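Protein chains get the first letters and strands the later ones, always in sequence-line order, with residue 1 at the start of each. Fair warning: this is a prediction, and the values are worked out from it, not measured in the lab.
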Protein chains: 2
Amino acid sequence: MPTSTRFAVAVHILTALAVSDGKPLRSEDIAYSANTGAVVIRGLLSRLSDAGLTRSQLGAGGGSLLAKPARKIRLLDVYAAVEDTELFSLHRTPPCESCAVGGNILEAIQPVLDRARKALEAELAKATVADVAAEVARLGKFSIPLVW
Amino acid sequence: MPTSTRFAVAVHILTALAVSDGKPLRSEDIAYSANTGAVVIRGLLSRLSDAGLTRSQLGAGGGSLLAKPARKIRLLDVYAAVEDTELFSLHRTPPCESCAVGGNILEAIQPVLDRARKALEAELAKATVADVAAEVARLGKFSIPLVW
DNA sequence: TAGTGTGTAATAGTGATGGTTACACACAAA
DNA sequence: TTTGTGTGTAACCATCACTATTACACACTA
């Protein structure tokens, strides 16, 4: 049960903003880096902004900025901001209520699925955008802030 | 991404087989319990059989059986048998190679995503089909084997 | 005031998914 | 051996989420 590409691109966006370190980035520039369209980026920025992770400056010289320090933004926050669907999908049509298994299977597996989901979320809570930005800087052999 | 319901239905199938405890179940009967089509069930049984989790008896009185004890079948085995896609999707089109962030973001986030995936898998490895079957029996107030 | 960039609606193409029909084949029961 | 049952798989279809793209109103800066 896959996530959309939104999570990966959203992390990309936030990492770019972290690397930019206070200088507003245009959606078009982020789109170039992520190899997608500027509207896609703005759609994600809209979600990230709703979640309180980014903010925008309108007008010439404007763009997007982190709304709080990169080290305060956990990947879990990003995940929650852009992923809509449940990690585990259940039956498309609910199983037979009156069946021995069908009538109880959902309730029976829910605790296990919850534990699995929470384990995943706990890992995503351990890493921050600052961590990712630092790793990108290390791999790319540059320092933050990066002058574009 | 439309997330698949295969995992939930596959667990349903195996739980039914565990509850049946050696008596072959027809795909049609499982389909009734899961509220889907028999061909959908047979498609999943085909994957589960390939993974060594079930086997089938052809002919009259035939159906499907567990290929090994329910307590030896971990939900992780089921997950691996029926889920095709990666848990985390990355960019649809690879990001800009020559960009500071785009050129390094994939490598930078991969370790985090791997840890998250492994944490999820570790939880799914802790639960078995026997556990789910026992929980279903408890909730449904019946004992295994259940005579249909 | 002119120009820049955001925010969002609308639309379209794509791909995975699940539902369904059809049918060949293996096996059991008689 | 024959008959009937149930599996295994291919083919086709409708649906839906997702991403890309166009279009345009609006806010803000220089």
**Student:** Are A:Ser27 and C:dG5 close enough that a side-chain N or O sits under 4.0 Å from OP1 or OP2?
**Tutor:**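 For C:dG5, OP1/OP2 do not have a side-chain N/O of A:Ser27 under 4.0 Å.
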**Student:** Rounding to a whole Å, what distance do you find between B:Arg55:CZ and C:dC27:P?
**Tutor:**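 Rounded to the whole Å, the gap is 13 Å.
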**Student:** Calculate the interatomic distance between A:Asp29 atom CG and C:dG5 atom P; express it in whole Å.
**Tutor:**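 In whole Å, C:dG5 P lies 8 Å from A:Asp29 CG.
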**Student:** Does this structure show an ion pair linking B:Arg47 with B:Asp84, if we count only N-O contacts that are shorter than 4.0 Å?
**Tutor:**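 Yes.
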**Student:** Between D:dT19 atom C1' and A:Asp84 atom CG, what is the distance in whole Å?
**Tutor:**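 Whole-Å distance recorded here is 13 Å.
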**Student:** Between A:Ile13 (CD1) and D:dT19 (P), how many Å, whole number?
**Tutor:**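 Nearest whole value for this atom pair: 12 Å.
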**Student:** In this structure, how many angstroms lie between the P atom of C:dT17 and the CD1 atom of B:Ile41, rounded?
**Tutor:**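 Rounded to whole Å, this separation is 16 Å.
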**Student:** Would you confirm whether B:Asn35, through its side chain, and A:Pro94, through its main-chain N or O, come within 3.5 Å as a donor-acceptor pair?
**Tutor:**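 Judged by distance alone, yes, a pair lies under 3.5 Å.
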**Student:** Report yes if a side-chain nitrogen or oxygen of A:Thr5 is closer than 4.0 Å to either non-bridging phosphate oxygen (OP1 or OP2) of D:dC18; otherwise report no.
**Tutor:**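 No, outside the criterion.
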**Student:** Could you pick out which residue, A:Gly37 or A:Gln57, lies toward the 5' side of DNA chain D when each is mapped onto its nearest nucleotide?
**Tutor:**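 By nearest-heavy-atom nucleotide position, the 5'-most residue is A:Gly37.
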**Student:** State the SG-CD1 distance between A:Cys96 and B:Ile30, to the nearest 0.5 angstrom.
**Tutor:**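 A:Cys96 atom SG to B:Ile30 atom CD1 measures 13.5 Å (nearest 0.5 Å).
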**Student:** Could you state the CG-P distance from B:Asn35 to C:dG18, rounded to the nearest angstrom?
**Tutor:**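 The answer, rounded to whole Å, is 14 Å.
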**Student:** Looking only at the side chains, is there a donor atom on one of A:Thr36 and B:His91 sitting less than 3.5 Å from an acceptor on the other?
**Tutor:**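 A:Thr36 vs B:His91: no donor-acceptor pair found between side chains.
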**Student:** Decide yes or no, distance alone: a donor-acceptor N/O pair under 3.5 angstrom between the base of D:dG6 and the side-chain of B:Arg26.
**Tutor:**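 There is none.
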**Student:** What integer distance in Å separates B:Phe7:CZ from C:dG18:P?
**Tutor:**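 Between P of C:dG18 and CZ of B:Phe7: 14 Å.
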**Student:** Under 3.5 Å, is there a donor-acceptor pair between the side chain of A:Asp21 and the main chain of A:Leu17?
**Tutor:**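 Not confirmed, A:Asp21 side chain does not pair with A:Leu17 backbone.
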**Student:** How would you label the contact of B:Gly43 with the nucleic acid (heavy atoms, under 4.0 Å): base, sugar-phosphate, or nothing?
**Tutor:**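 The answer is nothing, as B:Gly43 stays clear of every strand by at least 4.0 Å.
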**Student:** So if I take every side-chain heavy atom of B:Ser4 and compare against D:dA10, D:dC18, C:dG18, which nucleotide ends up nearest?
**Tutor:**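 Nearest listed nucleotide: C:dG18.
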**Student:** Can you tell which of D:dC18, D:dT21, C:dG3 lies closest to the side chain of A:Ala60?
**Tutor:**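 Comparing D:dC18, D:dT21, C:dG3 against the side chain of A:Ala60, the answer is C:dG3.
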**Student:** With a 4.0 Å limit, can you tell me whether A:Ser56 has a side-chain N or O closer than that to the phosphate oxygens OP1/OP2 of C:dG7?
**Tutor:**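 Yes, within the criterion.
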**Student:** Just N and O in the side chain of A:Ser46: are any of them under 4.0 Å from OP1 or OP2 of C:dG7?
**Tutor:**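 No.
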**Student:** On DNA chain D, does the nearest nucleotide to B:Ser64 precede the nearest nucleotide to A:Arg42 from the 5' side, or the other way round? Give the residue.
**Tutor:**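 The residue whose closest nucleotide sits nearer the 5' end is B:Ser64.
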**Student:** Between C:dG18 atom P and A:Leu90 atom CG, what is the distance in whole Å?
**Tutor:**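 The distance from CG of A:Leu90 to P of C:dG18 comes to 12 Å, rounded to the nearest Å.
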**Student:** Where each residue is assigned the nucleotide of DNA chain C containing its nearest heavy atom, which of B:Gly61 and B:Arg92 is assigned the position nearer the 5′ end?
**Tutor:**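 Nearest nucleotide further toward 5': that of B:Arg92.
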